Amino acid sequence: EVQLLESGGGLIQPGGSLRLSCAVSGATITSSVMSWVRQPPGRGLEWVSSISGTGTRTYYADSVKGRLTISKDGSKSTLFLHMDRLRADDTAVYYCGKGTAASTLITAWGQGTLVTVSS
Amino acid sequence: DIQMTQSPSTLSAVVGDRVTITCRASHSIDTWLAWHQQKPGKAPKVLISEASRLRSGVSSRFSGGGSGTEFTLTISNLQPDDFATYYCQQYKTFSTSFGQGTKLE
């Protein structure tokens, strides 16, 4: 069974930085597209970023381009999201998701980690 | 970017009903469409992929259809556990996107 466990969320001031981690077990992340999806309080799902199986291709939503960086460490089966210049509208539960070998279809979700950007 | 629009936003039903949720894509996505179910305070769970393929362990009361730009999710014989919010997801492109959600109450 594939399991994903996010960590690293918390309260951060506007303009600050944070790094989220997603530990994956039961699957090889170097063989899968991996994604981050967020959900602001009381709202719907919003795609944030994806990374190819090899890690050579990355994709970002316009709202986070230039501020958030996705990466992964295959040897540790861990996905990361480095977040810079955080804004109040980045406040959300952040989920990591495992895709297939060639698509962003999310076949398994983590339980989510809450990021709150506030002074 | 491909925009996904779901209707209705809220759907009222009772146990035993048969309900249908619609998802429309701004451009053709063939059958690269999934449906996810989310309960309050929980992570989403994938129900259907490739528009109509039921994922392992998902009840056969759920069915999906459509292709191109218009898709449906139908739930037959509603059970109490089905009252949740449902999202469609297109994955034709790496810049995936979700519908705004349909709350089944």
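Numbered from 1 within each chain, the chains take letters A, B, ... in sequence-line order. As a basis for the values below, the full set of heavy atoms in this structure was taken, side chains included, without hydrogen atoms, waters or symmetry mates. This one's a predicted model, so the numbers in the text were calculated from it and none came from an experiment.
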Chain A contact via Thr93(B) - side chain, backbone, both or neither, heavy atoms under 4.5 Å: backbone
Look at Lys92(B), Glu50(B), Gln38(B), Gln90(B) and state which one has the largest set of heavy-atom pairs under 4.5 Å with chain A. Gln38(B)
Is Val46(B) linked to Met34(A) within one hydrophobic cluster, defined over Ile, Leu, Val, Met, Phe, Trp and Tyr using a side-chain heavy-atom separation of less than 4.5 Å? no
Are Trp47(A) and Val33(A) in one and the same hydrophobic cluster, where Ile, Leu, Val, Met, Phe, Trp and Tyr link if side-chain heavy atoms are under 4.5 Å apart? yes
For a quick test of reading the model, state the closest non-hydrogen atom pair linking Phe94(B) to Thr104(A) and the distance between them. O-CG2, 3.5 Å
Applying a strict 4.5 Å limit to non-hydrogen atoms, the region of Thr107(A) in contact with chain B is both
Quick one, Asp1(B) and Asp62(A) - any side-chain contact, counting heavy atoms below 4.5 Å? yes
Determine whether more than 12 heavy atoms belonging to other residues, nucleotides or ligands lie under 6.0 Å from atom CZ of Arg61(B). yes
Is it the backbone or the side chain of Val93(A) that comes under 4.5 Å from a heavy atom of chain B, or both, or neither? neither
Which answer fits Ala102(A), side chain, backbone, both or neither, if we ask what part of it has an atom under 4.5 Å from a heavy atom of chain B? backbone
Hey, mind stepping through Trp32(B) and Ser103(A) against side chain to side chain contact (heavy atoms under 4.5 Å, CB included) and telling me if it holds? CA-CA 9 Å; Trp32(B) 301 116; Ser103(A) 83; 5.9 Å; no
Do you know the tightest heavy-atom contact between Gly110(A) and Ala43(B)? O-CB, 3.0 Å
Minimum heavy-atom separation for Leu105(A) to Arg55(B), with atom names? CD2-NH1, 4.0 Å
When clusters are formed by joining ILVMFWY residues with side-chain heavy atoms under 4.5 Å apart, either directly or through shared neighbours, do Phe62(B) and Ile106(A) land in the same one? no
Who wins among Pro40(B), Pro44(B), Ser97(B) for the most heavy-atom pairs under 4.5 Å with chain A? Pro44(B)
Using side-chain heavy atoms (C-beta onward) and a distance below 4.5 Å, is Trp109(A) in contact with Lys45(B)? no
His82(A) atom NE2: more than 12 heavy-atom contacts under 6.0 Å: yes
Which answer fits Arg43(A), side chain, backbone, both or neither, if we ask what part of it has an atom under 4.5 Å from a heavy atom of chain B? backbone
Hydrophobic cluster membership, Phe80(A) vs Leu68(A), 4.5 Å side-chain cutoff: no
Taking every heavy atom of Leu45(A) against every heavy atom of Phe98(B), the minimum-distance pair comes out as O-CB, 3.8 Å
Out of curiosity, does Leu18(A) fall in the hydrophobic cluster containing Tyr94(A) (side-chain heavy atoms, cut-off under 4.5 Å, transitive links)? yes
Please examine the side chains of Val37(A) and Tyr87(B), heavy atoms only from C-beta on, and report whether any two atoms are closer than 4.5 Å. no
